[in-house]
Amino acid sequence: CVCVCVCVIVFLFANMTSTIIATTVLGIFIYAIPCNGYCLQYTSVSQQQVIHFESYGNDSILVTATPVDALPPPKEFPSALLPMERARKCTEASIPKLTNGNLEAFVDKDGIISFTRVSDRVLLLKESAVRTFSVSTAAPGYYTLNLSFTGTHGESFYGLGQHQTGNLDNVNQSFIFQPINTEILVPVLHSSHGYSLLWNLPTLGSVTLGPSGAGHSWYGEAVPHLSLWITTTAESKPNPSPSSSSWAERMQKYTSVTGRPPILGQYMSGYWQSRNRYRTQDEVLEVVEGYTSRQLPLAMVIIDYHTWDPAPYGTNKFWPSCWPDPRSMVAKAVEQNVELMVSPYYNFMGANATRYDAAMEKAYFATDEETKKLAVGIDNTAMFNVYSEEAGEFMMEGVVQEKDSYGDVGIIHLWLDCDEPCQSPGMDTAMWGKFPHVAVGAAYPHLLARATRTALDKVTQTGDEKRVMLGRSAWAGTQRYGAAVWSGDTNSSWAAFREQVKAGLNAQMSGITYWTTDIGGYAGGGGGINGTGYNHNIYSPAFLQLLTRWFQFGAFCPLFRSHGHRLPELPPVQCGAGGSGAYNEVWHFKEPFQSAIIKIMKIREQLRPYVEDLFQEASLYGYPIMRMLQYEFPSDEHAARVDDQYCFGSRFLVKPITTANITSVPVYLPKLPPHSSWVYFFNRSIEFPGGGKVVNLEYSLDTFPLFERST
């Protein structure tokens, strides 16, 4: 009784809200402790493992399991979790049971870990077998790890990054942890059974999700331990909250421990123009003038790679003969309220770069695990060790601070192309300082984003808008660095377009707030409507129809950006390696496609205040901007079965037209409260009170299924 009274006094004094229950052979003792910073430890003699249960956020528990003879990982070992108040020492328990708010974790006599929702005693998750560690042959000092969980009948899985599977529900899928172009593995899983799980390990490996009800299994190729974070909903909903959805609550908790995106500048909500590639200063200024003189929306122009040629990678400066006065270029764009972004490839450095010898002397490059020579990056370059904060700082000084660098002339919006890092030849056997690639490679984009954000913030003056970085990969928690992501070099095809809708929704459920695509696809050939794609020719009506429909989808993505390598190729100029695709600016597209594209551009421009409100909400609560229907309408069973529509915030319902030559398409309008209606955006006299029905309307080239919620 004395122990309980003391704990209650502490609880009242600290205004804490969660209870930890530790079961011992002597009985049950109740501890009142904070949502973070309490830890129970259990040693499984039969499994030779030490298990830690630690409170880590509201209704959330961090599970760590380690072989008894394992050494602790280095302090710098990558983690997706934000640092929180941690227990200095774990309390020993013979049979641990830890309850944090509405979540209970338990280890049974056989060593099986399970998780239960306290309020209704629903078993959320249970190992199907005891996790196993084996000495890794790929990385000395590390272990391979196998972990598996049982499933629940009818269970669906969302999140896990961005994948080109054409599926929203990730059941019956397998994904590898190696980031590659168009495939992003963010190891967070949200279950329709009421829990969310984060695999907090940067190792290469895989996750396999069985058919519905069959559960899921995880494999790590080189890990120091198991690190798994689990959360569920609270017994009583947080108040106030912009959304009462279970999905929203769990997204809020996930981003509370991995980070939320910072608010960036107003340019984020506008239209971004890009192509492969702008080769000269004059070409960039012609584009700025082309949009502004036609009074067309434009917030950003993106300058693609090889602006440094013929200088080596790592030069991080415009080549003077093609870019004679970049400061003037920046100033003229800013006069028109247009920002510029550049793609420097600064994570690579050629042997003839001026700062190469200094980087070599300081051992800032990745080395080969076997030969101990430099690991080989793209085009025979060296790769910076972004896992080292010092190496990352040195790398970024050359980008934003060195005289005449991109940052010095005024361009501090950065395109992080090849941030996987581009399937470089020496990547698989690279040593990132003390870490072998096999142990930490999944987190490479995350660490590159960290180095970039640190440098951008260092040169951002007080009161200035934060700068943006745009990459094509991410890991858990990368959103906290304000990293935007595009879906990679997708094909210019209807099939690829369809895949982007579902890929984007899962990316949003993975915490990737600032997400976009190459409107129209990057490139890709193929024959006709039933083929794999079109030859991305800007004079082809077939391609222009695809481009128009993709623009309509792009306007209702978080970021609105057009990019691609179009045909026919423009005549060559002696500026940078490689040629340039065709024009990708809207006035080069023939009618009626041009007018339809301009129409949707102007709609997005009108909606920019709403989009900026959504960015604010994401920064405050971690909520996605594109939302699967069941996220907004969790009690609507029909909505849970719809995977080709989404909500853009809570106000708009969108169904992109992703098939050629379509004039009518069925749309499900979810159920609304009394006195609410769905209003067709392009003809507001068409209204559907109450929702809960499938509707068919006729759509022209410049319209598509877009409905607004009205109360």
Any residue meeting ring-ring contact (aromatic ring centres under 6.0 Å, His included) with Phe175, in chain and number order, not counting sequence neighbours: His163
Which residues share a ring-ring contact (aromatic ring centres under 6.0 Å, His included) with Trp486, sequence neighbours left out: Trp415
Sidechain-backbone polar pair: Glu235 side chain, Ser119 backbone, donor-acceptor under 3.5 Å: no
Ala640: partners by side-chain contact (heavy atoms from CB on, under 4.5 Å), with sequence neighbours left out: Gln630
Partners passing side-chain contact (heavy atoms from CB on, under 4.5 Å) against Thr517 (at least two apart in sequence or in another chain): Ser487, Gln500, Trp515, Ile519, Trp550, Phe553
For Tyr646, ring-ring contact (aromatic ring centres under 6.0 Å, His included) partners two or more places apart: none
Any donor-acceptor pair under 3.5 Å from Glu389 side chain to Glu393 backbone: no
Contacts of Ser212 that satisfy side-chain contact (heavy atoms from CB on, under 4.5 Å) - sequence neighbours left out: none
Listed partners of Arg260 passing salt bridge (charged side-chain N to carboxylate O under 4.0 Å, His left out), at least two apart: none
Under the salt bridge (charged side-chain N to carboxylate O under 4.0 Å, His left out) test, residues paired with Lys671 that sit two or more places apart: none
Set of side-chain contact (heavy atoms from CB on, under 4.5 Å) partners for Ser269, sequence neighbours left out: Arg608, Val611, Glu612, Phe615
By ring-ring contact (aromatic ring centres under 6.0 Å, His included) - contacts of His225 (at least two apart): none
Residues which pass salt bridge (charged side-chain N to carboxylate O under 4.0 Å, His left out) with Glu420, listed by chain and number, not counting sequence neighbours: Arg472
Electrostatic pair Glu617:Arg627 at N-O distance under 4.0 angstrom: yes
Asp643: partners by salt bridge (charged side-chain N to carboxylate O under 4.0 Å, His left out), with sequence neighbours left out: Lys502
